[in-house]
Structures are given as C-alpha cells and as structure tokens.
J.: 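My questions all concern the structure below.
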2 protein chains.
Amino acid sequence: MTQQLKTYKDIRQIVMARITSQIWPVGELIPNEQDLAEEFGVARATVNRAIQEIADAGFVERRRKAGTRVVPRRSRDAVVQIPIIGEQISDMGRYYSYQLVAREIVPVTKKIAKELSLTPRTPAMHLICRHFADDIVWQLEDRWINLAAVPTVKAQKFDVIGPNEWLVREIPYSNAEHVFRAATASSIERRHLDLESDEPVFVIERKTWQASNIITWVRLSHSGNRFSMTTRDEIPYGKDALE
Amino acid sequence: MTQQLKTYKDIRQIVMARITSQIWPVGELIPNEQDLAEEFGVARATVNRAIQEIADAGFVERRRKAGTRVVPRRSRDAVVQIPIIGEQISDMGRYYSYQLVAREIVPVTKKIAKELSLTPRTPAMHLICRHFADDIVWQLEDRWINLAAVPTVKAQKFDVIGPNEWLVREIPYSNAEHVFRAATASSIERRHLDLESDEPVFVIERKTWQASNIITWVRLSHSGNRFSMTTRDEIPYGKDALE
DNA sequence: CAATTTATTATGTATGGACATAATAATAAT
DNA sequence: ATTATTATTATGTCCATACATAATAAATTG
C-alpha cells in the first residue's frame, strides 16, 4: 500500500514467481525487456537488472536477439558451509577446545608429495591435531603445509591456536578443493577419534592454493555416528521485497 | 591494447585483485565510489555495479555513510553439485541404466511420517531403485512420495524412468534440504549395493518441498570405496575481463 | 539453390543526473 | 552532560538515453 512504484526487487520477485508457478514454463521464452518495462511501468534498465540477477542464479538463459528462456532445473547445487571448526562447535552451544598431538618437519610421503606438487622427500610441516566439543573428540586434523609457500610457519608452535585458524589469518584469500567421502577408519583415526568398533568416518579432504602455489593439504576426519553435514537450499528471490 | 575504456568487469577485477593481494587488507575501508569513479575514469554507477557484485559474493560489506569494508574470510562455502544421477554417470563416460526394485503404496513408518509431516500410517508411495554405471551398482535409492502433494504419481509405474527424473519434470522448482553422512551399511544396502564386508556407505538424504508442502524424502546410498563428492571453489572475478 | 551480405532485434553496458535512505557527525536544546 | 534535532555523507536505486554486440532473419548475389 505504502508502495506505488515498482522496484527492481519487486520485478525480480514477480518474474521469479511466474517461473516457479510455471506461468512461464520451462523452455518458454519470456517477454522482452521493453515489453516488461511497459507492463511494470519502469525503465528497461530496471527490468534488465532484475532479470540479470535471475539469470545469474541460473533460472533463465539470455541470448542477444534470441531473448530470455526459462531453463530446465539443472543439477541441484547444494551450498555446503565448511565451517571454522571452533565457531561451529560454539554455535552448537558446546565448549570448544583444541589439542596439538604432533608437530614435525619431515620429508613428504609419496602421496603427499603428489598432493602438494613437491618432489618426493622434500621437507614439509606435518601436524596432527584434535578438536573437541565438550571433551568429546569432534574432529581429527591431519595436515601438511608446504614450507616454500608459507616459510613463516616454521616459527609457529601451534600449541594454543590451530593451524587452520592461523593459515586463514596468514593467507585470507585462497582457492580450495574439497573431497567428501565415507571411509573405514584408519588406525590413527581409531586411536584418536574414540570410535565404536567398525564405525566409519566422514572425511573431508581439502587442498588450498594461491596463484598455483599449493599451500596446504588437510584430512579432517569425524565420527560417522556423530557427524553429518546439512544444507538447506531455497529458491531465491521469494519475498525480500517485503523485507 | 584494443581496450581503452574500463568496463565494470575491469573494475571488478581490479578491485578484487586489490583485496586478494591485501593492498586493501581485511578490515580496511576502501575508497568511496566517487573517488574510484574518478580514478578509473568512469561513472559512479559503473563502480557501483562492480562493487555490488563483489559484495554479493561476500568479500566486502557496504553500509551507507559508513562506506565499504573488506570483511574477514568467513566460513568457507563449498558448492556441491548434486548431480542428476544419469547425467553424472554419462559424464564419467560410462553406461547408465536403471532398475526398479520395489514400488508400493503403504502406510508410512513413524520416521517417514515425521520427515514428510504426515500423521502416522497415512499411505504414501515407497520406491526402491538401483542406478548402475556399466553394470556396477552406483546408487541405491530409497524414496517416499507424499501422495497428497503429488496425486498424479499414482498413475506412474516408474518401470523405465526413475522417480527423480519424473519428479524434476513434474515439479521443476522446489526447495531442498540435504544431509550428507557416512554410515554403516544397513541390510538393504548390503543386499543391493554389492559392498565389501564392513564397507561403509556414503549417504545423501534429501527432502524437497514447495510452499510448505513436503513432496518427497529420499535416501541415496553409495559404496564408500567407490564414491566421493568433489568441489572446487575458486575466488571469483579473477580474469573474466580477458574472456 | 547455396553462399554471402545486410538489416533487424534483444540483450549488454555506460553515462549523468536525480532523489531516497541509512548511518554518522555536528549542533542545539533541555 | 544528556538528549533531541539537524546536517552531512556514502551507498541504493531509478531514469532516459545512447551505443555496442551477438544472434537471427531477410535480402542479395554468384
């Protein structure tokens, strides 16, 4: 009521509603910007902004001259938040603590050499840490750090702050690759994760790099019985015009 | 060379580089739009568009009057693609096939009643299917469909096309919640997934709904030894100006 | 009829100007 | 000194217009 003129958010919301309600079904061309601008009583630039964002979110495809088309719902994306471990545990309302199990500078194994793109037997820093939620082991961290990429790491003791926290502060912007898998627990994991017999582990492996320099590789293991990852993905642009 | 004037993508790229290279470090205010517009020789609207997108990607925070600030790298997001199973297997260059193991309309169990928000013992469609890659079982699908939300499902036999494919076509735009976990194989999974002894399973559970109507709940299980999920997350706006 | 050129069209991007809005700072009033 | 008012500032949004660009359709040519 208080609102007469339509904003680009209104238009984004209306267009999105027409797509999800299949007024404009999958495969269909939607009206061009000029027509929509007239319908809504706004400038073409305003319509353009609204539909651009919908296209960025992947619901329509736009091609010059051809127009804008509703695309079939592609493979679902699930945005998984890989949380900072301490924050995650605090958010659960539990007490977080950290323990350094091992810290050594040793030649890389063949597998790690490959992961870090180093020649075999180059020295690297190897760390093993445990992360607790209320005195229950929540995560076992098995990490290798490339000394050439992060020379300052040699001065770090990691006795009070964990390597992840330190690295995020030292190298805030890096690229990453994650692998998620279910695995049978290794002997190290059985020793440190306090597992029931035959309990599987949920493993997250992460490699991070910056401009082709591989910085670190880490394997994060969790009790299969106690750990899961959840994501909730809602169709965007639902009703933020009412905000 | 061929390019004299700066586009909003150029500016986005330059600003992003200054952030990742810590010329503008975490916590710092960056110059205001007017100043940047003058520096780059463009209109303020152009700078606005560039920085808006960087803000949407979560690298800076903008507040009126206060200005634009580089934010600390928050919890990592990993965008996991939950693929359409058939496409995923074809993309691996393998032959996809599908088998319906069971199809029945039965009262829901207590657990499923909760997942689908139904009163206990309401009838629902229960399906068990197997998805193969070159005659190896790749995925076991255990699905429940809410008959009230999708009445047309009763006419579907699912003998040649899988329920997921059918549902995506029937209800293209729905919200979803995913849970990923590592689990010990159940007897059904051992029977149908062709597992080694004590091999864990990688489980994806998905619930989908549309406007508060829960449509379906599904548990997708995979061999822990053969299955993993990978994501690669790169810092955006690196060099698309060179495209 | 096929191949090439030209016109048309929808989207993509930029501009300068305008006004709105939220947050802060400065000022005035109690 | 505290509180209420007013000014200032950076971002948020919109407009009308202009021109660029990619894709397609139409017209022309060999």
Side-chain angles (χ1 to χ4, degrees), chain A residues 1-16 18-19 24 27-71 237 240-243, chain B residues 1-16 18-19 24 27-71 236-237 239-243:
Chain A
M1 232 333 18
T2 157
Q3 176 161 274
Q4 277 296 355
L5 291 76
K6 291 197 164 60
T7 70
Y8 86 94
K9 286 183 182 176
D10 294 331
I11 293 170
R12 193 179 60 185
Q13 200 246 326
I14 294 167
V15 169
M16 202 62 207
R18 291 187 186 173
I19 292 170
W24 293 333
E28 206 90 331
L29 279 176
I30 75 174
N32 70 40
E33 294 182 350
Q34 190 54 57
D35 292 351
L36 289 174
E38 278 164 30
E39 178 190 343
F40 297 128
V42 298
R44 182 172 78 88
T46 305
V47 174
N48 180 276
R49 180 168 183 186
I51 300 186
Q52 279 264 14
E53 295 195 358
I54 291 173
D56 287 344
F59 293 93
V60 296
E61 241 174 27
R62 325 193 73 197
R63 287 168 61 210
R64 285 164 163 151
K65 162 82 182 181
T68 300
R69 193 176 291 280
V70 182
V71 299
Y237 312 137
D240 47 354
L242 308 176
E243 270 172 2
Chain B
M1 225 333 15
T2 157
Q3 176 161 273
Q4 278 294 353
L5 289 75
K6 292 198 163 61
T7 70
Y8 87 94
K9 286 183 181 173
D10 294 331
I11 293 172
R12 192 180 62 185
Q13 199 247 326
I14 294 167
V15 169
M16 201 61 204
R18 290 188 186 173
I19 292 170
W24 293 334
E28 207 90 329
L29 280 176
I30 76 174
N32 70 40
E33 294 182 351
Q34 191 55 59
D35 291 350
L36 289 173
E38 280 165 31
E39 178 189 343
F40 297 129
V42 298
R44 181 171 80 88
T46 305
V47 173
N48 181 276
R49 180 168 182 189
I51 300 185
Q52 279 266 15
E53 295 196 357
I54 292 173
D56 287 344
F59 292 93
V60 296
E61 241 173 28
R62 324 193 74 196
R63 285 169 62 209
R64 285 163 163 150
K65 163 82 183 180
T68 300
R69 194 176 291 280
V70 182
V71 299
Y237 311 138
K239 42 179 191 263
D240 47 354
L242 308 176
E243 272 172 359

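In what follows, every heavy atom counts, from backbone to side chain, and hydrogens, waters and symmetry copies are set aside. We name chains A, B, ... by the order of the sequence lines, and we start the count at 1 in each one.
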J.: Dump the pairs, protein N or O against N or O of nucleotides 3-5 of chain C, anything under 3.5 Å, distances to one decimal.
T.:
none

J.: Within the pair A/Thr68 and C/dT11, is there a side-chain N or O less than 4.0 Å away from OP1 or OP2?
T.: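 Answer yes for this pair, as a side-chain N or O of A/Thr68 is under 4.0 Å from OP1 or OP2.
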
J.: Given C/dT24, C/dG16, C/dG12, identify the nucleotide with an atom nearest to the side chain of A/Gln52.
T.: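 In terms of side-chain proximity for A/Gln52, the closest of C/dT24, C/dG16, C/dG12 is C/dG12.
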
J.: For A/Val42 and for A/Arg63, find the nucleotide of DNA chain D with the closest heavy atom, then tell me which residue's nucleotide is more 5'.
T.: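 With A/Val42 and A/Arg63 compared, the 5'-side residue is A/Val42.
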
J.: Check every nucleotide of DNA chain D for an atom under 4.0 Å from a heavy-atom of chain B, then give the first and the last such nucleotide from 5' to 3'.
T.: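 It runs D/dT8 to D/dT13.
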
J.: Show the nearest heavy-atom pair for residues B/Ile11 and B/Ala50, with the distance to one decimal.
T.: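 For B/Ile11 versus B/Ala50, the nearest heavy atoms are CG2-CB, 3.7 Å.
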
J.: Measure from the side chain of B/Ala43, starting at C-beta and using heavy atoms only, and say which of C/dG16, C/dT24, C/dT13 lies closest.
T.: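 Closest nucleotide among those given: C/dG16.
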
J.: With sequence neighbours left out, write down each residue that passes side chain to side chain contact (heavy atoms under 4.5 Å, CB included) with A/Glu39, or none if nothing qualifies.
T.: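 A/Glu39 satisfies side chain to side chain contact (heavy atoms under 4.5 Å, CB included) with A/Arg18, A/Leu36 only.
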
J.: Please convert DNA chain C into dot-bracket. A pair counts if it is Watson-Crick or G-U wobble with both distances under 3.5 Å; crossing pairs go in [ ] and bases paired with another strand get |.
T.: ||||||||||||||||||||||||||||||

J.: Give me each pair satisfying salt bridge (charged side-chain N to carboxylate O under 4.0 Å, His left out) with a member in residues 43-64 of chain B, each pair once, sequence neighbours excluded.
T.: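 Pairs touching residues 43-64 of chain B that pass the test: B/Arg12-B/Glu53, B/Glu33-B/Arg44, B/Glu33-B/Arg62, B/Arg49-B/Glu53.
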
J.: Kindly give the heavy-atom pair with the smallest separation between B/Val70 and B/Trp24, and that separation in Å.
T.: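 Closest approach of B/Val70 to B/Trp24: CG2-O, 3.6 Å.
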
J.: Near DNA chain D, counting only heavy atoms under 4.0 Å, which residues of residues 28-39 of chain B show up?
T.: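 Close to the strand are B/Asn32, B/Glu33.
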
J.: Reading DNA chain D from 5' onward, which residue's closest nucleotide shows up sooner: A/Ala66 or B/Arg62?
T.: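 Looking at the nearest nucleotide for each, B/Arg62 comes out on the 5' side.
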
J.: Rounded to whole angstrom units, what separation is found between the CZ atom of B/Arg49 and the P atom of C/dG12?
T.: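 Between P of C/dG12 and CZ of B/Arg49: 9 Å.
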
J.: Rounded to whole Å, please give me the gap between CG in A/Asn48 and C1' in C/dA14.
T.: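 In whole Å, C/dA14 C1' and A/Asn48 CG are 12 Å from each other.
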
J.: Counting distance alone, no hydrogens or angles: does the base of C/dG12 have a donor or acceptor under 3.5 Å from a partner atom on the side chain of A/Arg44?
T.: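 By the distance-only test, yes, there is a pair.
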
J.: If I compare all heavy atoms of B/Lys6 with all of B/Ile14, which pair ends up nearest, and what's the gap?
T.: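 Result for this residue pair: CE-CD1, 3.8 Å.
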
J.: In the structure I gave you, are the side-chain heavy atoms of A/Ile54 and A/Thr68 within less than 4.5 Å of one another anywhere?
T.: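 A/Ile54 does not reach A/Thr68 side chain to side chain.
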
J.: Backbone N or O of B/Thr7 within a donor-acceptor pair of the B/Asp10 side chain at under 3.5 Å?
T.: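 Yes; at least one donor-acceptor contact below 3.5 Å.
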
J.: How close or far is atom P of C/dC19 from atom CZ of B/Arg64, stated in whole angstroms?
T.: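 Going from CZ in B/Arg64 over to P in C/dC19 covers 17 Å.
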
J.: In this structure, how many angstroms lie between the C1' atom of C/dA14 and the CD1 atom of B/Ile11, rounded?
T.: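 My rounded result for the distance is 10 Å.
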
J.: To the nearest Å, how far apart are A/Glu53 CD and C/dG12 P?
T.: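 So the CD-P distance, A/Glu53 to C/dG12, works out to 13 Å.
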
